[in-house]
2 protein chains.
Amino acid sequence: MTTLLALACLALATNVYAAFPDCANGPLANNTVCDTSATPLERATALISLFTLEEKINNTGNTAPGVPRLGLPAYQWWQEALHGLADSPGVIFSESGEFSYATSFPQPILMGAAFDDALINSVATVVSTEGRAFNNANRSGLDFWTPNINPFRDPRWGRGQETPGEDPFHLQSYVYNLITGLQGGLDPAYKRVVATCKHYAAYDLENWMGNVRYGFDALVSLQDLSEFYTRSFQTCARDANVGAFMCSYNAVNGVPSCANSYLLQDILREHWNWTNEDQWVTSDCDAVQNIYEPHYYAPTRAQTVADALNAGTDLDCGTYYPDFLGVAYNESLINVTTLNRALIRQYASLVKLGYFDPAENQPYRQLGWENVSTPYAEQLAYTAAVEGITLLKNDGTLPLSKDIKTLALIGPWANATTQMQGNYYGVAPYLISPLMAAEALNYTVLYSSGPGIDDPTTPTYPAAFEVASQADAIIYAGGIDTTVEAEAMDRYTIDWPGVQPDFIDLLSQLGKPLIVLQMGGGQIDDSCLIPNTNVNAIIWGGYPGQSGGAALMDIIAGNAAPAGRLPITQYPIEYVNEVPMTDMSLRPSATNPGRTYMWYTGTPIFEFGYGLHYTNFSATLSAPSAASYDVQSLVAACAGAAYLDLCPFEAYTVNVTNTGSTHASDYVSLLFVAGEHGPTPYPNKVLVAYDRLHGVEPLSSQTTTLNLTLGSLARRDDYGNTVLYPGEYTLLLDVEPQSTQSFTLTGESTVLDYWPQP
Amino acid sequence: MTTLLALACLALATNVYAAFPDCANGPLANNTVCDTSATPLERATALISLFTLEEKINNTGNTAPGVPRLGLPAYQWWQEALHGLADSPGVIFSESGEFSYATSFPQPILMGAAFDDALINSVATVVSTEGRAFNNANRSGLDFWTPNINPFRDPRWGRGQETPGEDPFHLQSYVYNLITGLQGGLDPAYKRVVATCKHYAAYDLENWMGNVRYGFDALVSLQDLSEFYTRSFQTCARDANVGAFMCSYNAVNGVPSCANSYLLQDILREHWNWTNEDQWVTSDCDAVQNIYEPHYYAPTRAQTVADALNAGTDLDCGTYYPDFLGVAYNESLINVTTLNRALIRQYASLVKLGYFDPAENQPYRQLGWENVSTPYAEQLAYTAAVEGITLLKNDGTLPLSKDIKTLALIGPWANATTQMQGNYYGVAPYLISPLMAAEALNYTVLYSSGPGIDDPTTPTYPAAFEVASQADAIIYAGGIDTTVEAEAMDRYTIDWPGVQPDFIDLLSQLGKPLIVLQMGGGQIDDSCLIPNTNVNAIIWGGYPGQSGGAALMDIIAGNAAPAGRLPITQYPIEYVNEVPMTDMSLRPSATNPGRTYMWYTGTPIFEFGYGLHYTNFSATLSAPSAASYDVQSLVAACAGAAYLDLCPFEAYTVNVTNTGSTHASDYVSLLFVAGEHGPTPYPNKVLVAYDRLHGVEPLSSQTTTLNLTLGSLARRDDYGNTVLYPGEYTLLLDVEPQSTQSFTLTGESTVLDYWPQP
């Protein structure tokens with residue numbers, strides 16, 4: 001019977017889901033769920049109490065049929081919006097005209113490189129506005145399974161492009177601003193949309209040497225779990241009040257994430273106080289099934305769904321819940337209270353979205369097509385790309401001399417369109433390739449695609465050289481794209497793929513100005529290009545979105561100035577031979593050179609935070625208020641703080657001077673802490689604050705304030721506890737330190753946060 | 001300038017290449033090349049002597065522009081025909097009507113499973129007939145870059161499907177019959193077409209953990225090189241007189257194959273006497289370029305092309321030769337004699353194809369569309385599939401009872417069409433899927449695709465179970481296909497991919513007759529299916545070609561009887577964790593459980609040569625003529641033999657009886673040698689002869705003769721020498737031995753063939 005019912009659900013797949021229940025005249029009109037004076041918990045509980053057991057079970061999958069007899073519409077819980085509304089089961093673009101497109105921002109890895117929290121908040125606000133507009137047109141639900149906020153642990157990861165980078169503090173700051181933008185604040189009267197922090201936890205491997213995400217068991221120490229893998233999720237749950245979480249495909253220390261009560265209950269709900277009535281957990285799609293196979297964690301399918309539901313996975317993206325929860329119930333593996341709890345969380349969430357309330361009182365219900373892809377949104381997509389694009393090498397050739405009139409645009413990214421969107425994308429209003437942008441700037445443009453991304457062959461060589469020989473300057477746009485880094489596809493090499501290095505070398509022998517655009521989300525080792533004096537400049541462009549070509553060409557032409565910083569380490573090619581991707585540990589060991597800029601013991605090609613400008617900057621950091629602080633006094637001063645790690649320590653002023661005379665430019669202040677304090681080994685340094693200043697004029701200064709908390713100074717012990725330690729502390733401003741300050745902490749180590757023990 | 005010339009070549013890419021030179025009235029009419037009384041060497045030499053240096057260099061790539069001023073047409077050297085004419089630069093199918101299709105046979109891995117040399121010769125004859133017909137219509141050249149005759153060393157190899165299997169003797173016998181079929185005999189007046197044995201040598205890795213074929217250095221012992229990696233190539237060159245070789249992407253022991261004079265000169269030309277004036281070596285496509293990058297073997301591009309040409313690579317599939325041989329010549333890195341040699345070989349080959357001769361005297365020039373996809377060819381494609389399909393499990397459910405009227409066909413292969421062609425395929429006249437074939441057999445067929453090959457998701461479960469619940473029996477058609485095993489893509493797991501095991505298990509719980517078709521070229525571990533008594537039968541179907549569905553369904557319905565044998569070992573899933581794919585050694589060690597049935601120390605899921613029938617057979621092997629033989633006497637009796645290893649030892653009669661009373665069936669006699677002789681370790685056993693008997697009637701017998709040579713008994717020493725050793729020898733008939741015979745060899749070890757030392 002469940003089979004037939006599920007068939008009925010599937011039949012909905014081509015329909016529209018976003019119809020609202022009729023609380024005025026429908027069967028529910030007199031139910032408490034339609035009573036706006038009742039609490040969300042009361043309203044959701046009243047609704048669920050009307051469901052039969054079968055109706056409850058039928059509504060536990062992402063494609064929920066609703067309850068027709070109650071006038072409760074079908075609902076699709078699965079919408080995607082990684083960097084703009086994205087094709088997904090619940091987002092339906094029209095074929096033409098209104099609602100046929102939406103703003104497509106750069107991939108998060110490039111937006112991460114902007115190190116601009118306000119930008120992220122603005123982008124998220126646009127995305128949720130456009131989501132509401134689509135929802136009002138019955139073209140989207142209100143729950144979005146974004147962001148992907150796993151730290152980018154290994155350069156091989158195919159989905160690293162979906163994240164803001166490798167640094168936990170950076171991810172925390174980014175995700176806080178993203179979620180408050182998407183949801184409309186910390187506790188709004190009506191949420192704009194519900195965001196979903198994924199993939200909880202320690203998910204950052206797709207398919208590496210037969211280790212497939214669906215069955216991978218991530219072995220993670222409590223120290224790494226607390227310090228690295230869950231920091232961004234803590235911010236989602238504890239600080240940003242995100243509406244939903246997604247448990248991940250992988251297991252953590254032997255227990256599949258979606259059956260992992262230590263992760264879902266002990267840490268997420270109890271330790272992080274993520275206990276609002278409207279906060280729910282979905283599985284990644286078919287992750288519940290994967291508990292059975294290929295994790296082989298539970299002996300039967302009924303036990304599988306019981307394990308997941310009892311552990312705290314409220315919704316199954318898939319069909320295992322609707323297919324097998326009935327069996328589990330008959331076998332007494334679940335009880336109805338747990339089932340009700342899951343459904344109440346989901347429907348309380350819809351209550352907080354205004355799903356059961358009159359439209360006329362809700363501003364978001366008034367949004368329409370005129371609020372999609374507005375001139376502001378279009379400009380913001382362009383700005384996001386400009387801010388993220390990162391200059392890695394420049395001998396002065398950039399910005400291009402005005403004498404250069406004819407450009408050869410060559411390479412597999414030279415006329416990129418959807419390529420610029422990476423993955424999880426929708427229909428953009430337009431896609432401005434580098435080629436189109438160069439033509440719009442009135443260059444005479446000669447184009448040849450050259451060899452493909454991973455192409456070992458040379459059939460297009462001659463045409464490319466013909467083009468290059470006729471140009472004043474050559475722009476080679478290549479690197480990687482989603483043909484080599486993708487969902488379900490990790491990399492095995494971080495070299496430039498295919499024949500590209502050979503091809504660029506041949507181009508360089510022409511002796512013309514040569515700019516290399518290194519595109520894609522993961523880094524590739526540029527060391528073959530750096531010593532080549534005929535490669536005049538290298539720009540990393542990520543996946544820059546709908547206006548990506550315009551942003552790149554405006555920087556190249558000097559209409560915009562680059563100030564992005566690498567949000568990830570660019571490792572040398574041998575890195576992939578030095579540590580298996582399956583090794584989750586961060587700290588260096590005999591079989592691991594260390595992961596991220598914090599722990600890597602080798603010499604990176606380009607360091608985390610690296611990025612050049614068209615001008616020079618000097619920056620100074622204000623002095624600490626004291627040379628020494630007592631740990632106990634610092635903690636005592638925080639009495640009454642909800643969370644000691646968030647209690648302020650000191651604020652530092654950064655004074656930034658553009659010492660050049662020609663180019664205004666943004667500047668990102670990155671503040672790191674280093675020093676001997678806490679358990680060994682000590683990290684190289686740790687990012688604790690950042691801010692982006694905009695448009696610092698030539699020979700002018702701006703200031704910003706960087707706020708440190710006790711957590712900025714704390715480290716994690718072997719149990720995952722957050723501890724403030726006595727010792728030496730040095731503050732380092734910028735990657736090549738522009739300014740340093742030091743102080744000491746004295747007294748006894750003090751725990752700021754006790755990590756739950758499994 | 002070379003760039004512009006190469007551009008001119010590229011412009012030809014959409015044209016037709018197969019026009020013949022006009023030897024009657026064209027500029028060459030009075031040149032010796034048009035004189036049919038001259039030798040091929042004289043004729044080719046005369047032609048080349050007319051070329052300028054630039055014209056010579058321009059004609060060193062696969063897309064040869066010819067010499068217009070001499071009336072020498074452009075020629076495309078690159079045609080593919082792995083299992084029928086295949087889309088490739090030189091094979092142009094028309095959009096409709098005549099020459100819009102050609103016969104598409106099963107992939108070699110399935111034809112290998114037939115163990116039927118006569119079948120292979122027939123298939124190759126059809127392919128070359130169709131190639132000639134296309135050539136006469138200006139739709140193909142006459143040089144085909146087939147077969148792929150590397151042994152299938154590792155189950156992960158993405159191109160193993162293109163080979164007949166893992167056993168060197170099997171490959172030798174197969175390739176001899178294939179080449180004589182393609183070329184029209186050993187030394188025909190006119191060759192039908194020119195075949196190309198590829199990829200020489202030790203090429204069997206695509207892309208595994210960042211080890212990419214273009215830059216991989218295969219470290220191979222002389223013993224393994226002689227015994228395993230080059231046996232089939234020896235047959236191509238020394239015995240079958242193949243017209244062309246292709247050197248491979250990889251290096252062998254530090255030297256890229258296409259720059260490897262040890263491989264190309266010492267072994268191929270000198271040791272194997274492959275020295276006809278018309279025998280030439282092409283590079284794999286862009287393998288010359290790969291010598292420069294990513295092998296980084298030569299310091300400059302000029303040195304790269306010189307290294308390749310001087311080592312004996314006559315033709316560059318690519319543009320490095322035409323682009324850089326001029327520079328190499330100017331730098332005195334090559335001389336014109338070497339350049340002439342390469343060109344003479346190629347044009348002498350065209351002479352032997354009748355390219356410069358009057359059409360009217362050449363039978364092959366009379367072939368036309370009426371010779372393509374004839375009823376005979378169509379029947380042969382069906383027969384080839386039937387003969388290869390291999391029955392791995394059967395509890396008596398197959399052939400299906402006549403009471404079964406309604407079939408559920410489920411799975412990603414159930415309605416396979418082009419999927420059945422694997423890779424390197426052309427347009428087939430038709431593609432009969434299992435679904436179409438079942439309908440043609442008047443079953444009531446219920447179809448559901450179920451989950452995809454590597455699909456972790458379940459959205460199609462309900463529909464599939466609905467279908468299954470209504471059927472009398474279920475056929476699940478799945479396994480792998482070119483989405484998981486392909487050129488440029490090795491596997492990391494040999495498990496059933498995705499959710500298929502879970503899905504099949506759910507189907508099996510319905511308790512209906514369930515037949516599983518395990519499709520694809522590489523094996524997958526069936527151990528999840530074997531103990532499940534509700535999985536009634538397992539059939540391996542490879543990539544069965546244009547009539548694949550008909551062949552499968554006729555076997556299932558009992559209209560044909562299965563007699564294929566696995567041409568490769570089916571390893572357990574842990575095998576891929578026990579030895580890196582990059583380890584080329586065959587023999588077991590602490591880090592290698594051994595490769596192929598000869599050396600594997602573990603227990604295979606299904607052994608090489610395994611295959612069930614619909615009846616039972618008994619088979620007996622005639623006794624040796626003696627209990628003991630003296631090595632020196634055996635060798636002395638071969639005085640005057642061109643090659644001692646081919647000198648006959650003894651012929652054995654096999655008497656095969658179908659002991660069943662209901663089904664006629666083919667039977668493959670596989671004869672192995674085992675025993676303690678020669679260097680340790682000893683192989684488990686070694687295949688030395690095989691033959692396929694056709695249509696052995698119930699309660700009837702047939703006999704065949706299996707011929708052994710001295711080479712059948714020989715082994716390789718550490719230097720690669722082929723040596724006849726004293727010791728114990730046991731002959732084993734069939735995988736589960738039906739009959740064994742033993743004898744001893746006495747006397748001194750004697751070398752039958754001295755292997756060239758590097």
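In what follows, chains carry the letters A, B, and so on, assigned in the order in which the sequence lines appear, proteins first and then strands, with residues in each chain numbered from 1. Since this is a predicted model, take the numbers as computed values, not measurements.
The two residues Met209(A) and Trp208(B) make their nearest non-hydrogen contact at CE-CZ2, 3.4 Å.
For Leu506(B), the parts lying near chain A are the backbone and the side chain together; criterion is any non-hydrogen pair under 4.5 Å. For Gln500(A), no part sits under 4.5 Å from any heavy atom of chain B, backbone or side chain. For chain B, no part of Arg491(A) is nearby; none of its heavy atoms comes within less than 4.5 Å.
Distance OG1/Thr493(A) to CG/Asn207(B): 9.0 Å, rounded to 0.5 Å. One distance of note links CG of Asn577(B) with CG of Asn211(A); it measures 8.0 Å at 0.5 Å rounding.
Every residue two or more places apart in sequence or in another chain that forms a side-chain hydrogen bond (donor to acceptor under 3.5 Å, both in side chains) with Asp154(A) is listed here: Arg156(A), Arg595(A). For Glu293(A), the salt bridge (Lys or Arg N to Asp or Glu O under 4.0 Å) test picks out no residue, with sequence neighbours left out.
The shortest side-chain heavy-atom distance between Tyr292(B) and Asp505(A) falls under the 4.5 Å cut-off.
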